[in-house]
2 protein chains.
Amino acid sequence: MGDQLKFGALNNLFGFHLRQAYTPFGQAYREAAANFELKPSQYTVLALIKHNPGRRQSELAEALNIERSNFVPIIEALESRGLLIREKSREDRRSYSIEVTPKGKALVTKATAPILAESDRAAAVLSGSEQETLRKLLYKLYSDKKTRPVNASTGERLSELRYIVIEYNYFTT
Amino acid sequence: MGDQLKFGALNNLFGFHLRQAYTPFGQAYREAAANFELKPSQYTVLALIKHNPGRRQSELAEALNIERSNFVPIIEALESRGLLIREKSREDRRSYSIEVTPKGKALVTKATAPILAESDRAAAVLSGSEQETLRKLLYKLYSDKKTRPVNASTGERLSELRYIVIEYNYFTT
DNA sequence: TATTGTTATACTCTATAACTATA
DNA sequence: TATAGTTATAGAGTATAACAATA
């Protein structure tokens with residue numbers, strides 16, 4: 001019941017394939033993070049700040065491709081739980097310098113293994129080298145500013161994506 | 001001012017990379033579809049039905065990884081604009097058989113080229129063979145049922161993803 | 001009993017504009 | 001004037017439970 005369907009024009013739409021692939025990972029991510037009272041966005045932000053202490057909110061938000069305005073409630077939720085602290089920057093008193101507290105670090109440490117395990121399980125259909133290739137191609141895709149849509153009136157990219165260092169040797173194919 | 005950031009543990013989270021890559025494509029998709037008064041989900045559904053006439057809603061929803069309940073308003077919006085028609089199935093009077101109207105077909109035909117052009121522009125940082133590899137890996141990832149999360153109580157996959165035929169020769173690496 | 005489609009509801013993420021305080 | 005962070009609000013997608021009609 002229910003033969004296979006054809007994608008037709010959708011085959012050539014990367015947005016479609018990316019969403020199809022993201023959906024199950026997002027579900028797995030959400031369930032794994034929920035065990036630690038964290039939304040995916042909250043775990044992501046906490047982990048990013050842990051690895052990059054002392055950054056401004058807007059730097060962090062841009063790196064994650066999240067609007068600054070949407071970043072505020074994420075930070076607030078984490079701060080109110082004592083998982084991170086904000087300090088007015090001395091150099092620029094408009095901005096905050098953010099760090100993860102010991103409690104926050106402990107939570108990231110505790111949550112990371114099961115979250116990665118769930119991700120690995122979902123990705124297990126791909127071999128190790130296929131996973132490496134996929135990561136490499138995805139990173140290449142989203143780290144390039146040309147990927148971003150253009151504002152029709154100004155011709156500017158809608159928001160700049162800060163380049164982010166990948167620890168691995170991604171581009172030595 | 002804005003050195004590069006490190007991803008740390010996020011590097012190994014496919015859900016993270018997929019979301020990062022999806023975000024700009026989703027924006028581009030949304031803007032391109034909006035020129036035809038269509039949300040991305042609506043264009044996707046319309047294109048899928050055009051290529052697979054006469055299917056039941058639940059088949060289509062499962063193929064797109066959309067909950068049946070969330071599929072209803074998408075179908076209703078398209079039907080109310082005269083872009084598709086539903087008919088009670090004779091074999092199973094619980095279900096509907098769905099087809100795209102001539103008006104709907106014309107809209108898909110008109111919208112497809114600019115939507116694909118926007119996708120191609122966003123993907124242009126990858127070479128043709130890299131794009132082919134990426135598509136292949138993404139399809140392999142989401143077409144496998146093992147990718148889906150498991151229901152903790154029953155041990156069942158949360159929802160079955162119907163296998164979908166890709167017209168291209170994806171698996172002849 | 002199970003499935004198809006539906007309704008209702010809540011949650012997560014995203015987009016946009018306007019405001020404040022600092023620069 | 002411009003930027004960092006904030007507030008408010010709307011939109012889009014997703015998840016869950018329960019229901020009627022039909023199998």
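Numbered from 1 within each chain, the chains take letters A, B, ... in sequence-line order. Here the structure is a predicted model, which means the values were calculated and not measured.
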Protein-nucleotide distance ([X], atom [atom1]; [N], atom [atom2]), rounded to Å:
| X | N | atom1 | atom2 | result |
| --- | --- | --- | --- | --- |
| A/Y29 | C/dC13 | OH | C1' | 13 Å |
| B/Y22 | C/dT12 | OH | C1' | 14 Å |
| B/I98 | C/dT4 | CD1 | P | 13 Å |
| A/L38 | C/dC11 | CG | P | 17 Å |
| B/E67 | C/dT12 | CD | C1' | 15 Å |
| A/E79 | D/dG5 | CD | C1' | 13 Å |
| B/Q27 | D/dG13 | CD | C1' | 15 Å |
| B/F25 | C/dT14 | CZ | P | 16 Å |

Phosphate-side-chain proximity, [X] and [N], N/O vs OP1/OP2 below 4.0 Å:
| X | N | result |
| --- | --- | --- |
| A/S58 | D/dT3 | no |
| A/R19 | D/dA12 | no |
| B/S95 | C/dT3 | no |

On DNA chain C, more 5' by nearest nucleotide between A/R94 and A/R30 is A/R30
Ranking A/I74 and A/R93 by the position along DNA chain C of their nearest nucleotide, the one closer to 5' is A/I74
For a quick test of reading the model, state the closest non-hydrogen atom pair linking B/Q20 to A/A63 and the distance between them.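 Taking B/Q20 first and A/A63 second, the nearest heavy atoms are NE2-O, 3.1 Å.
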Heavy-atom closest pair, residues B/V45 and B/L64: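 Distance-wise, the nearest heavy atoms are CG2-CD1, 3.7 Å.
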Distance under 6.0 Å and angle within 45° of the ring axis: does B/R19 meet both against A/Y22? no
Can you give each donor-acceptor pair under 3.5 Å made by side-chain atoms of residues 108-116 of chain A, sequence neighbours left out, with the distance rounded to 0.1 Å?
unit_1: A/T109; atom_1: OG1; unit_2: A/K105; atom_2: O; d: 2.8
unit_1: A/T112; atom_1: OG1; unit_2: A/Y43; atom_2: OH; d: 2.7
unit_1: A/T112; atom_1: OG1; unit_2: A/V108; atom_2: O; d: 2.6

Answer yes or no: are there more than 12 heavy-atom neighbours, outside B/E87 itself, under 6.0 Å from its atom CD? no
Does B/R94 have any salt bridge (charged side-chain N to carboxylate O under 4.0 Å, His left out) partners at least two apart in sequence or in another chain, and if so, which? B/D92
B/R81 bridged to B/E37 by N-O distance under 4.0 Å: no
Using a 4.0 Å heavy-atom cut-off, does A/S41 contact any base of the nucleic acid, only the sugar-phosphate backbone, or nothing at all? sugar-phosphate
So which protein nitrogen or oxygen atoms get under 3.5 Å of nucleotides 6-11 of chain D's nitrogens or oxygens?
unit_1: D/dT6; atom_1: OP1; unit_2: A/R86; atom_2: NH1; d: 2.5
unit_1: D/dT6; atom_1: OP2; unit_2: A/Q57; atom_2: OE1; d: 3.1
unit_1: D/dT6; atom_1: OP2; unit_2: A/Q57; atom_2: NE2; d: 3.0
unit_1: D/dT6; atom_1: OP2; unit_2: A/R86; atom_2: NH1; d: 3.4
unit_1: D/dT7; atom_1: OP2; unit_2: A/E76; atom_2: OE2; d: 3.3

